[in-house]
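What follows is a single structure, written as structure tokens, with notes after it.
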Amino acid sequence: KMPEMWASLAAMAIHSRALDTVEIALAAIEEVDKVQFVAHINKQPDDVLKSAELALFCKRPDEALNILLQNKRMYRAIKMNIRLHRWNDALDLATKHQTHVDTVLAYR
């Protein structure tokens with residue numbers, strides 16, 4: 001095995017959004033947690049959610065939130081803030097849009 005080759009393949013596949021190839025390449029270098037997250041991304045029902053989760057995977061959480069907000073996915077944006085433990089941002093977003101404030105408070 002050549003882990004450098006597999007890692008390079010994974011990086012190129014992420015860039016081209018070939019998530020099945022990303023999964024295979026990451027599995028080859030035994031990055032189990034990343035394989036599981038890519039599988040989670042693949043299970044998302046539409047491209048907006050996949051794009052947001054992929055941005056999160058690439059360590060661009062602000063871009064992920066912007067994708068959700070631009071596509072009016074308020075609940076998902078609030079939940080992403082909660083997952084990232086950005087409690088104040090989640091509450092600000094919920095109160096600004098007057099929705100899901102109870103969700104934020106329940107998770108907190």
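These numbers were taken from a predicted model, which means no experiment stands behind them.
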Working to the nearest 0.5 angstrom, can you tell me the gap between [X] [atom1] and [Y] [atom2]?
X: Glu63; Y: Leu68; atom1: CD; atom2: CG; result: 11.0 Å
X: Ile41; Y: Lys34; atom1: CD1; atom2: NZ; result: 12.0 Å
X: Ile14; Y: Leu19; atom1: CD1; atom2: CG; result: 8.5 Å
X: Ser51; Y: Asn66; atom1: OG; atom2: CG; result: 13.0 Å
X: Glu4; Y: Trp6; atom1: CD; atom2: CH2; result: 13.0 Å
X: Gln36; Y: Glu23; atom1: CD; atom2: CD; result: 10.0 Å

Measure the shortest side-chain to side-chain distance between [X] and [Y] over non-hydrogen atoms and say whether it is less than 4.5 angstrom.
X: Lys50; Y: Leu54; value: no
X: Gln44; Y: Arg76; value: yes
X: Arg73; Y: Asp46; value: yes

Over all atoms of both residues, closest heavy-atom pair of [X] and [Y]:
X: Ala52; Y: Ala64; value: O-CB, 3.2 Å
X: Ala77; Y: Leu93; value: CB-CD2, 3.6 Å
X: Ile67; Y: Ala55; value: CD1-CB, 4.3 Å
X: Ala90; Y: Val104; value: O-CG2, 3.8 Å
X: Val22; Y: Ala10; value: CG2-O, 3.9 Å

Are [Y] and [X] linked, directly or through intermediate hydrophobic residues, by side-chain heavy-atom contacts shorter than 4.5 Å (ILVMFWY only)?
X: Leu69; Y: Leu49; result: no
X: Met12; Y: Met5; result: no
X: Leu105; Y: Met80; result: no
X: Leu91; Y: Tyr107; result: yes
X: Leu65; Y: Ile82; result: no

Pair Glu53 + Arg83: basic N to acidic O under 4.0 Å: yes

Identify, with sequence neighbours excluded, every residue that meets side chain to side chain contact (heavy atoms under 4.5 Å, CB included) alongside Asp62. Arg86

Going by the rule side-chain hydrogen bond (donor to acceptor under 3.5 Å, both in side chains), which residues pair with Tyr75 if we only count those two or more places apart in sequence or in a different chain? none

Audit row: Asp89, Lys96, salt bridge (charged side-chain N to carboxylate O under 4.0 Å, His left out) steps and yes/no: CA-CA 10 Å; Asp89 292 344; Lys96 178 181 175 185; over 6 Å; no

